[in-house]
Novice: 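Would you mind keeping the following structure in view while I ask a few things?
One-based numbering, in listed order, for ligands and for the atoms of each. In this text the structure is predicted, and so the values were computed from the model without any measurement. Scope of the values below: all heavy atoms of this structure, side chains included, with no hydrogens, waters or symmetry mates.
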Amino acid sequence: MKRTILITGGAGFIGSHVVRLFVNKYPDYMIVNMDKLTYAGNLENLADIEHKANYQFVRSDITNLQHINTLFHEYRFDGIIHLAAESHVDRSITNPLDFIHTNILGTVNLLNAAREKWKGHYAEKVFYHISTDEVFGSLDKEGFFTEMTAYDPRSPYSASKASSDHLVRAYHNTYGLPVIVSNCSNNYGPNQFPEKLIPLAINNIKNSQPIPVYGAGENIRDWLYVGDHARAIDLIFHKGKPGETYAIGGNNEWKNIDLIRLLCRLMDEKLNLPAGSSQKLIIFVTDRAGHDLRYAIDATKIKHELRWEPSLTFEQGLKLTVDWYMANEAWLRHVVSGDYANYYEQQYQQRGSLHGD
Ligand code: NAD
Ligand code: TYD
């Protein structure tokens, strides 16, 4: 094997797309997927590649230093792509400590292990930390986030990711650890846990359940298809420069309410429903506390330096996503149970419905 790569959080939404891409594209790499399998981690995401010779799954927790050290002792990692995290803003509002623990402490454990094990060999190694545009805070109607934007996180989730980004860069500055950071906008696509807006709406429309829109639905997000993010991660891992940051975005801003209406139209077509049927499910519920108004990325740097661009239009990506969720009933059934079902009730009972569309 030419290189051994550790991917953390590889059983989650984005991680599973990255693992699949690397396992299939680089047969001479050994890909070690390390994941705790929280409610968001699901090995069904990787059923198609789990028997490949260049793939190995290890169930472990990044907050457990002893486990991390054992893993680094067992494998000689040439690179790390770190995605493991608690990732949902609403959960971070309910339970911030889980986010501090996993996102900050877990990242520091990996940094310490890499710093120790890679001593004397930094030139051949890469520690690639996957982060979010939410660390930059909230934009007004104008302007974009770039690699130079000052951090201004406003939720426990984004504050925990910002802390981990700072620590990653501090290890570069202080110890010379070869780190790369990327900050990406909202992802969507197959395998996303249906607590996030798009899969939640698809699942609810499919089951004729209300679609909860926070506040007036005026908040804006910049959406990127997950496969395009995975391609960017591949490029950055192989061609990015240590110490650098890359902002990744879809150049695709949507108000939540407009996005939901588009999704309703696609679902009407898919389910052969009369036009306008799914829209009737929209309800407006109490807004998220501290809800960031707008995120938008200027991805000029990665476009120019690494020749990366999104490959799909939003309509193409959403169609693929809808098709995937409709074709994967069993996957949805399995994830919408147990822990998630309890969480869902807790979130939406306390919000209540304010009024219909
Ligand atoms: P996800 O919640 O779907 O997956 C997270 C994965 O991490 C899960 O498989 C989970 O089991 C694992 N995990 C959680 N805690 C762990 C621990 N203590 N030890 C080991 N594994 C653990 O998240 P996602 O949407 O795939 O996001 C992946 C990464 O990308 C995160 O770091 C997130 O901050 C970042 N990101 C996400 C988006 C987005 O829109 N989803 C956008 C930009 C950046
Ligand atoms: P989400 O998918 O949670 O991503 P993030 O908060 O990380 O951007 O939410 C996307 C947008 O959709 C955000 O503005 C909050 C909103 N939203 C709703 O209106 N209703 C919902 O049920 C959810 C989960 C989100």
Novice: Please list, by chain and number, the protein residues whose heavy atoms come under 4.0 Å of ligand 1.
Specialist: Gly9, Ala11, Gly12, Phe13, Ile14, Asp35, Lys36, Leu37, Thr38, Ala40, Gly41, Ser60, Asp61, Ile62, Leu83, Ala84, Ala85, Ser87, Thr102, Ile130, Ser131, Thr132, Tyr157, Lys161, Cys184, Ser185, Asn186, Asn187
Novice: Test Asn183 against Tyr246 for side chain to side chain contact (heavy atoms under 4.5 Å, CB included), laying out the working first.
Specialist: CA-CA 6 Å; Asn183 298 89; Tyr246 298 86; over 6 Å; no
Novice: Sort and list the pairs that fulfil ring-ring contact (aromatic ring centres under 6.0 Å, His included) and have at least one residue in residues 89-110, not counting sequence neighbours.
Specialist: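 Matches after skipping sequence neighbours: none remain.
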Novice: Measure from NZ or CZ of Arg3 to the centre of the six-membered ring of Phe77, then state whether that distance is under 6.0 Å and the direction lies within 45° of the axis.
Specialist: no
Novice: With a heavy-atom distance limit of 4.0 Å, tell me whether Ile198 approaches ligand 2 through its side chain, its backbone, both, or neither.
Specialist: neither
Novice: Could Asp228 and Arg231 be called an ion pair, given the rule that one side-chain N must be under 4.0 Å from one carboxylate O?
Specialist: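 A salt bridge links Asp228 with Arg231.
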Novice: With heavy-atom distances below 4.0 Å as the criterion, list the atoms of ligand 2 near Pro212.
Specialist: 18 (C), 19 (O), 20 (N), 21 (C), 22 (O)
Novice: Check this for me - ligand 2, Asn219, N or O atoms closer than 3.5 angstrom, yes or no?
Specialist: no
Novice: Do any side-chain atoms of residues 321-328 form donor-acceptor pairs under 3.5 angstrom with protein atoms, and if so which ones, sequence neighbours left out?
Specialist:
unit_1: Thr321; atom_1: OG1; unit_2: Gly317; atom_2: O; d: 2.6
unit_1: Asp323; atom_1: OD1; unit_2: Lys270; atom_2: NZ; d: 2.8
unit_1: Tyr325; atom_1: OH; unit_2: Gly189; atom_2: O; d: 3.4
unit_1: Tyr325; atom_1: OH; unit_2: Gln192; atom_2: N; d: 2.8
unit_1: Tyr325; atom_1: OH; unit_2: Gln192; atom_2: O; d: 2.6
unit_1: Asn328; atom_1: ND2; unit_2: Trp324; atom_2: O; d: 2.8

Novice: Near Val89, which atoms of ligand 2 are under 4.0 Å from a heavy atom of that residue?
Specialist: 6 (O), 7 (O)
Novice: Of all the atoms in ligand 2, which lie at a distance below 4.0 Å from a heavy atom belonging to Glu195?
Specialist: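 Every atom of ligand 2 under 4.0 Å from some heavy atom of Glu195: 24 (C).
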Novice: Between Lys2 and Asp28, is a salt bridge (Lys or Arg N to Asp or Glu O under 4.0 Å) present by the stated rule, with each step listed?
Specialist: CA-CA 6 Å; Lys2 217 161 87 184; Asp28 54 349; 3.7 Å; yes
Novice: Test the Arg294-Phe144 pair against the cation-pi criterion, namely NZ or CZ under 6.0 angstrom from the six-membered ring centroid and within 45° of the ring axis.
Specialist: yes
Novice: What atoms of ligand 2 come closer than 4.0 angstrom to any heavy atom of His88?
Specialist: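 In order of number, 3 (O).
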Novice: Anything under 30° is parallel, anything over 60° is perpendicular, the rest tilted; go ahead and classify Tyr29 against Tyr26.
Specialist: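 Tyr29 vs Tyr26 ring planes: parallel.
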Novice: Glu134 to ligand 2: N or O pair under 3.5 Å?
Specialist: yes
Novice: Decide whether Thr107 and His129 meet the rule of one side-chain donor and one side-chain acceptor closer than 3.5 Å.
Specialist: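 No pair is found: no donor N or O on one side chain lies under 3.5 Å from an acceptor on the other.
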Novice: List, one per line, each side-chain donor-acceptor pair under 3.5 Å for residues 134-142, sequence neighbours excluded.
Specialist:
unit_1: Glu134; atom_1: OE1; unit_2: Tyr295; atom_2: OH; d: 3.2
unit_1: Ser138; atom_1: OG; unit_2: Leu293; atom_2: N; d: 2.7

Novice: Using a 4.0 Å heavy-atom threshold (strictly under), name the region of Leu197 that reaches ligand 2: side chain, backbone, both or neither.
Specialist: both
Novice: Let me check something: do Ile14 and Ile302 share a hydrophobic cluster, defined by ILVMFWY side-chain heavy atoms less than 4.5 Å apart, either directly or through other members?
Specialist: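 In one cluster with Ile14: Ile302, yes.
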Novice: Are any of the N/O atoms on Arg221, whether in the backbone or the side chain, positioned under 3.5 angstrom from an N/O atom of ligand 2?
Specialist: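 Right, the criterion is met.
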Novice: Checking Ser163 against Ser160: is there a side-chain donor and acceptor pair closer than 3.5 Å?
Specialist: no
Novice: Pull out every atom of ligand 2 sitting under 4.0 Å from any heavy atom of Asn256, numbered as shown with elements.
Specialist: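 Atoms satisfying the 4.0 Å criterion: 11 (C), 12 (O), 13 (C), 14 (O), 16 (C).
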Novice: Who's closest to atom 13 (C) of ligand 2 heavy-atom-wise, of His291, Lys196, Arg294?
Specialist: His291
Novice: Which ligand 2 atoms are under 4.0 Å away from a heavy-atom of Val213?
Specialist: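 With Val213 as reference, the close atoms of ligand 2 come out as 19 (O).
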